[in-house]
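Just so you know, these numbers come straight off a predicted model, no measurement behind them.
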Amino acid sequence: MKVAVLQFPGSNCDQDALKALREDVGVQAEYVWHNDGSLSGFDAVFVPGGFSYGDYLRCGAMASRSAIMQETIRFANEGRPVIGACNGFQILTESGLLPGALLKNEKQKFICKNVELEAVNQTSIWTSGVNKTISLPIAHGEGRYVIDNDGLKRIQDQNQIAFRYVENPNGSVDDIAGVVNEAGNVLGLMPHPERATKELLGGNDGLLIMRALSLVNA
């Protein structure tokens, strides 16, 4: 198993993801620059948060137009695992890999704290190991998940809601913290599982999600 950690100009959670994958999940991981057009040799993709392109002017939309995201779309459509956290979640929605969008938090303020989450379904590789309420950090100004009524009914009916907040911090519709695509191989979530992989960081609940990568056959 070898995971590609994507890097965009301004990314600052790429190092958190790389170290968590190597040291705590125990899989190989390497950076892949946004201009690269190939994921040859990789078995999974981590799209990091915080924040591409300096967090200005819909940074997720800008990143979604990069060469590596076009390759990531092809990679995901083959049924291979892709996970995006925070700004990575924004990039996955802007690229069309996940439904919905992320807007400014309901109270228009940046939020940085730990939140509690519950897995809504156990049918994806990302949620099957989450059998309790977990605590993960959030750090975002644009984390309010939105989707129109028809879209919300569709993701509810198709079990695409992966995680809900126990106490909604940002006004997300239906308390949604993370969603998967129809096939279940692509996950996006606003909390940061890569920042919660050891007790030294305040908790290791993120491993319950990140360890899915170590279970995928290369």
> Within the distance-only criterion (no hydrogens, no angle test), does the side chain of Asp16 pair as donor or acceptor with the backbone N or O of Glu194 below 3.5 angstrom?
Replying inline: no
>> So, taking the atom named CD1 in Ile91 and the one named CG in Leu98, what distance separates them when rounded to the nearest 0.5 Å?
In response: 11.5 Å
>> Between Arg80 and Phe42 (side chain of the first, backbone of the second, donor and acceptor by atom type, cut-off under 3.5 Å), is there such a pair?
In response: yes
>> With heavy-atom distances below 4.5 Å as the criterion, would you say the side chains of Ile155 and Ile147 are in contact?
In response: yes
>> According to side-chain hydrogen bond (donor to acceptor under 3.5 Å, both in side chains), who are the partners of Lys104, at least two apart in sequence or on a separate chain?
In response: none
>> I need the minimum non-hydrogen distance between Leu117 and Ala177, along with the two atoms involved.
In response: CD2-CB, 3.6 Å
>> Side chains of Leu21 and Leu213, heavy atoms from C-beta outward: is any pair under 4.5 Å?
In response: yes
> Do Leu6 and Phe46 have side chains that get closer than 4.5 Å, going by heavy atoms?
Replying inline: no
> What residues, two or more places apart in sequence or in another chain, satisfy ring-ring contact (aromatic ring centres under 6.0 Å, His included) together with Phe89?
Replying inline: Tyr145
>> Keeping Gln160 on the side-chain end and Val180 on the backbone end, is there a donor-acceptor pair under 3.5 Å?
In response: yes
>> Are there over 12 heavy-atom neighbours, none belonging to Gln158, within less than 6.0 Å of that residue's CD?
In response: yes
>> Do Pro48 and Asn87 have side chains that approach each other closer than 4.5 Å (heavy atoms only, starting at C-beta)?
In response: no
> Going from CG on Asn12 to CD on Gln7, what distance comes out if it is rounded to the nearest 0.5 angstrom?
Replying inline: 11.5 Å
Distance-only check: which donor-acceptor pairs under 3.5 Å involve side-chain atoms of residues 107-116, not counting sequence neighbours?
from	atom 1	to	atom 2	distance (Å)
Gln108	NE2	Asn105	O	3.3
Asn114	ND2	Ser135	OG	3.4

>> Can you give me the closest heavy-atom contact between Ser38 and Ile68, atom names plus distance?
In response: O-CD1, 4.0 Å
>> Taking side-chain hydrogen bond (donor to acceptor under 3.5 Å, both in side chains) as the cut-off, I'd like each qualifying pair that reaches into residues 202-213, sequence neighbours left out, listed once.
In response: Lys132-Asp205
> Any idea which heavy atoms bring Val32 and Ala4 closest together, and the distance?
Replying inline: CG2-CB, 3.7 Å
>> Applying salt bridge (Lys or Arg N to Asp or Glu O under 4.0 Å), can you list everything that pairs with Arg22, at least two apart in sequence or on another chain?
In response: Glu30
> How many angstroms lie between atom CG of Asp43 and atom NZ of Lys2, to the nearest 0.5 angstrom?
Replying inline: 9.0 Å
> Are Met210 and Leu201 connected in the hydrophobic side-chain network, where two residues link if heavy atoms are under 4.5 Å apart?
Replying inline: no
> So which pairs with a foot in residues 174-183 pass side-chain hydrogen bond (donor to acceptor under 3.5 Å, both in side chains), sequence neighbours left out?
Replying inline: Gln156-Asp174, Arg164-Asp174, Asn168-Asp175, Asn181-Asn185
>> Can you list everything that forms a side-chain hydrogen bond (donor to acceptor under 3.5 Å, both in side chains) with Asn131? Sequence neighbours excluded, please.
In response: none
> Which pairs pass ring pair (Phe, Tyr, Trp, His ring centres under 6.0 Å) with one or both residues in residues 173-193, sequence neighbours excluded?
Replying inline: none
> Which ring pair (Phe, Tyr, Trp, His ring centres under 6.0 Å) pairs, counting each pair once, include a residue from residues 152-186, with sequence neighbours left out?
Replying inline: none
> To the nearest 0.5 Å, how far apart are CE in Met69 and NE2 in His34?
Replying inline: 13.0 Å
> What is the minimum heavy-atom distance between Ser11 and Asp14, and which atoms define it?
Replying inline: O-OD1, 3.8 Å
> With sequence neighbours left out, what residues match Thr123 under side-chain hydrogen bond (donor to acceptor under 3.5 Å, both in side chains)?
Replying inline: Asn121
> Looking at side-chain heavy atoms only, is the closest gap between Tyr31 and Gln15 below 4.5 Å?
Replying inline: yes
> Do NZ/NE/NH1/NH2 and the carboxylate oxygens of Lys198 and Asp24 come within less than 4.0 Å?
Replying inline: yes
>> side chain to side chain contact (heavy atoms under 4.5 Å, CB included), that's the test. Do Ile83 and Val45 meet it? Break it down for me.
In response: CA-CA 6 Å; Ile83 177 173; Val45 173; over 6 Å; no
> Just wondering, more than 12 heavy atoms not from Asp157 lying within 6.0 Å of its CG?
Replying inline: yes
> Can you list the residues that meet the side-chain hydrogen bond (donor to acceptor under 3.5 Å, both in side chains) rule with Arg74, with sequence neighbours excluded?
Replying inline: Glu71, Glu78
> Should side-chain heavy atoms under 4.5 Å link Ile, Leu, Val, Met, Phe, Trp and Tyr, which residues sit in the same cluster as Val146?
Replying inline: Leu103
> Given side chains that start at C-beta, do those of Asn77 and Leu97 come closer than 4.5 Å, heavy atoms only?
Replying inline: yes
> Roughly how far, to the nearest 0.5 Å, is CG of Leu18 from SG of Cys13?
Replying inline: 12.5 Å
> Which atom pair, heavy atoms only, marks the closest approach of Ala196 to Leu136?
Replying inline: CB-CD2, 3.7 Å
>> A side-chain contact here means heavy atoms from C-beta on lying under 4.5 Å apart; do Trp126 and Leu208 qualify?
In response: no
> Hey, does Trp33 have a side-chain heavy atom less than 4.5 Å from the side chain of Ser66?
Replying inline: no
> Between the side chains of Glu106 and Asn170, does any donor sit under 3.5 Å from an acceptor?
Replying inline: no
> Which atom pair, heavy atoms only, marks the closest approach of Thr93 to Ala101?
Replying inline: OG1-CA, 4.2 Å
> Between Leu187 and Leu92, does a side chain to side chain contact (heavy atoms under 4.5 Å, CB included) hold up when you go through it step by step?
Replying inline: CA-CA 9 Å; Leu187 168 69; Leu92 293 178; over 6 Å; no
